[in-house]
Each structure stands twice: as C-alpha cells, then as structure tokens.
Amino acid sequence: MTRVTKKPVVTSPSAIRARILAVVRRIPHGKVATYGQIAALAGFARHARQVGYALRDVSQGSDLPWHRVVNARGEVSTRAAVGWEDVQRDLLEQEGVELVRERVDLARFGWKPGVAARRTSEAAATRGKRRVALHAAPRRSRG
DNA sequence: GCCGTGACAATGG
DNA sequence: ACCATTGCCACGG
C-alpha cells in the first residue's frame with residue numbers, strides 16, 4: 001500500500017512537548033518524577049530542561065499533574081512566577097508526599113514506571129542499602 | 001539563521 | 001552540604 005509517501009513524523013512544532021506531557025500525565029497519584037526522568041521516558045534523554053519548558057506553557061487550567069515533577073534533588077524548582085512553589089508543595093502534601101526540609105525523598109516517593117508497588121517493608125529495606133538507579137537511564141547525560 | 005534564554009543535571013571546589 | 005561552572009538542546013526574538 002505505499003502509504004508511506006508522507007509520514008506523519010513531521011515532528012510537529014512541539015512533538016517533543018506533546019510526548020513529554022503524555023508522560024507527565026502518567027505519573028501516579030502520590031508519586032513524583034524528575035525532569036530528567038520524564039525526558040528519558042518520553043524518549044528524549046538529556047532534554048530535562050525541555051520538560052520545564054513544556055510545563056511552563058501549560059501549568060494552570062490543565063488536568064496535568066504538573067506538580068508531581070521535581071528536580072533531581074527532589075526539590076520544587078523555582079520558576080519565574082514566584083509563589084507557585086508553595087502551591088506545588090501544598091499539592092504534593094495533599095497527595096501524601098512527604099516534604100522534609102522542602103525536599104522529597106525520591107527513593108520513597110519517586111515514580112518507578114513498570115514496577116508495581118512492592119511491599120512496604122521491602123521498600124524500607126531498600127532505603128538502607130545502596131540506592132539503585134532511580135532514573136531510567138541517565139548514564140552520561142547531563143541535562 | 002544566529003543568539004540568548006531556561007520549572008535541568010552533573011561535576012568540581 | 002552549598003555555590004559556581006559547564007554541558008545540552010529546543011524555543012523565541
């Protein structure tokens with residue numbers, strides 16, 4: 001059928017954004033994901049900054065769980081509009097995400113896609129040991 | 001089409 | 001543990 005004449009791979013103005021937002025939408029309630037993780041899951045490793053860009057364009061008025069996205073240190077990233085940092089922290093706490101010193105323990109609340117919730121005891125045990133790769137595949141990526 | 005910007009990330013001091 | 005620097009890459013002017 002030679003319908004490949006013109007493939008829709010045209011990379012829309014924001015094909016990358018759409019993909020990113022799709023991943024953000026998958027973050028489960030009560031969990032958080034890092035910018036770099038989102039980018040990697042979307043298929044755009046080292047585009048962590050683009051995640052922030054995408055969210056900045058959306059933010060309010062959307063059903064997107066934008067508040068579940070934090071930086072690699074588990075902190076809420078500061079953006080242009082001051083004050084929303086508190087809003088985000090509040091939303092997270094409402095979901096049961098603990099914030100210790102303004103930081104989220106990624107080992108506990110970090111979203112692990114594809115892995116169903118294991119036993120709580122097991123998760124606790126993991127805490128004391130070495131932390132396995134939380135991110136999908138950071139490798140040598142840097143941004 | 002080049003240049004600066006940015007809700008990031010990793011490294012070094 | 002904190003601050004400064006460097007890298008990365010799409011987007012907007």
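In what follows, every chain begins at residue 1, and chains take the letters A, B, ... in the order their sequences are listed. Values in this document were obtained by computation on a predicted structure and should not be read as measured data.
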*Asks:* With A:Arg19, which residues qualify under salt bridge (Lys or Arg N to Asp or Glu O under 4.0 Å), at least two apart?
*Replies:*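 Partners of A:Arg19 by the salt bridge (Lys or Arg N to Asp or Glu O under 4.0 Å) criterion come out as none, since no residue qualifies.
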*Asks:* Closest to the A:Leu55 side chain: B:dA7, B:dA10, C:dC11?
*Replies:*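 From the listed options, B:dA7 comes nearest.
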*Asks:* Check whether any side-chain N or O of A:Lys31 sits under 3.5 Å from a backbone N or O of A:Val97 as a donor-acceptor pair, and report yes or no.
*Replies:* no
*Asks:* Quick check: does any side chain N or O of A:Gln37 sit under 3.5 Å from a backbone N or O of A:Val69, one acting as donor and the other as acceptor?
*Replies:* no
*Asks:* Rounded to whole angstroms, how far apart are CG on A:Asn71 and P on C:dC2?
*Replies:*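 In whole Å, C:dC2 P and A:Asn71 CG are 12 Å from each other.
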*Asks:* Among all residues two or more places apart in sequence or in another chain, which pass the salt bridge (Lys or Arg N to Asp or Glu O under 4.0 Å) test with A:Glu85?
*Replies:* A:Arg89
*Asks:* Working to the nearest 0.5 angstrom, can you tell me the gap between A:Leu41 CG and A:Trp111 CH2?
*Replies:* 5.5 Å
*Asks:* Report the distance from atom CD1 of A:Ile16 to atom P of C:dG12, rounded to the nearest whole Å.
*Replies:*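 Roughly 12 Å, once rounded to whole Å.
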*Asks:* Say whether A:Tyr53 and A:Trp66 are linked into one hydrophobic cluster, either directly or through other cluster members, by side-chain heavy-atom distances under 4.5 angstrom.
*Replies:*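 As far as the 4.5 Å side-chain criterion goes, A:Trp66 and A:Tyr53 are not connected within one cluster.
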*Asks:* Using salt bridge (Lys or Arg N to Asp or Glu O under 4.0 Å) as the criterion, list what pairs up with A:Arg26, not counting sequence neighbours.
*Replies:*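 Testing A:Arg26 for salt bridge (Lys or Arg N to Asp or Glu O under 4.0 Å), a comparison that skips the adjacent residues, returns none.
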*Asks:* Only counting residues at least two apart or in another chain, list the ones meeting ring pair (Phe, Tyr, Trp, His ring centres under 6.0 Å) with A:Phe44.
*Replies:*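 A:Phe44 satisfies ring pair (Phe, Tyr, Trp, His ring centres under 6.0 Å) with A:His47 once adjacent residues are dropped.
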*Asks:* I need the CD1-P distance between A:Ile38 and B:dA7, as an integer number of Å.
*Replies:*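 Checked: the CD1 to P distance equals 17 Å.
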*Asks:* CD of A:Glu85 versus P of B:dC8: gap in Å, rounded?
*Replies:*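 The distance from CD of A:Glu85 to P of B:dC8 comes to 11 Å, rounded to the nearest Å.
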*Asks:* Would you tabulate the pairs of protein nitrogen or oxygen atoms and nucleotide nitrogen or oxygen atoms of nucleotides 3-6 of chain B closer than 3.5 angstrom?
*Replies:*
from  : atom 1 : to      : atom 2 : distance (Å)
B:dT5 : O2     : A:Tyr53 : OH     : 2.9
B:dG6 : N7     : A:Arg49 : NH2    : 3.3
B:dG6 : O6     : A:Arg49 : NH1    : 3.4
B:dG6 : O6     : A:Arg49 : NH2    : 3.4
B:dG6 : N1     : A:Arg49 : NH1    : 3.2

*Asks:* Can you tell me how far C1' of B:dA10 sits from CD of A:Glu75, to the nearest Å?
*Replies:* 15 Å
*Asks:* Is there a side-chain contact between A:His47 and the phosphate of C:dC9, meaning an N or O under 4.0 Å from OP1 or OP2?
*Replies:* no
*Asks:* Is A:Arg25 reaching over with its side chain to a backbone N or O of A:Leu64, donor-acceptor style, under 3.5 angstrom?
*Replies:* no
*Asks:* Are A:Ser77 and B:dC8 close enough that a side-chain N or O sits under 4.0 Å from OP1 or OP2?
*Replies:*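 It does, given that an N or O in the side chain of A:Ser77 lies less than 4.0 Å from OP1 or OP2 of B:dC8.
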*Asks:* State which of C:dC11, B:dA7, B:dA9 makes the closest approach to the side chain of A:Ala72.
*Replies:*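 The answer is B:dA9.
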*Asks:* Counting only heavy atoms and a strict 4.0 angstrom limit, can you tell me which residues of residues 91-103 of chain A come near DNA chain C?
*Replies:*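 Those residues whose heavy atoms fall under 4.0 Å from DNA chain C, taken from residues 91-103 of chain A in numerical order, are A:Arg101, A:Arg103.
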*Asks:* Round to a whole Å and report the spacing from CZ of A:Arg19 to P of C:dC11.
*Replies:* 15 Å
*Asks:* Could you state the atom-to-atom distance from CD1 of A:Ile27 to P of B:dA7 in whole Å?
*Replies:*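 Taking CD1 of A:Ile27 and P of B:dA7, I get 18 Å after rounding.
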*Asks:* Please give, in whole Å, the distance from B:dA9 C1' to A:Leu106 CG?
*Replies:*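 My rounded result for the distance is 13 Å.
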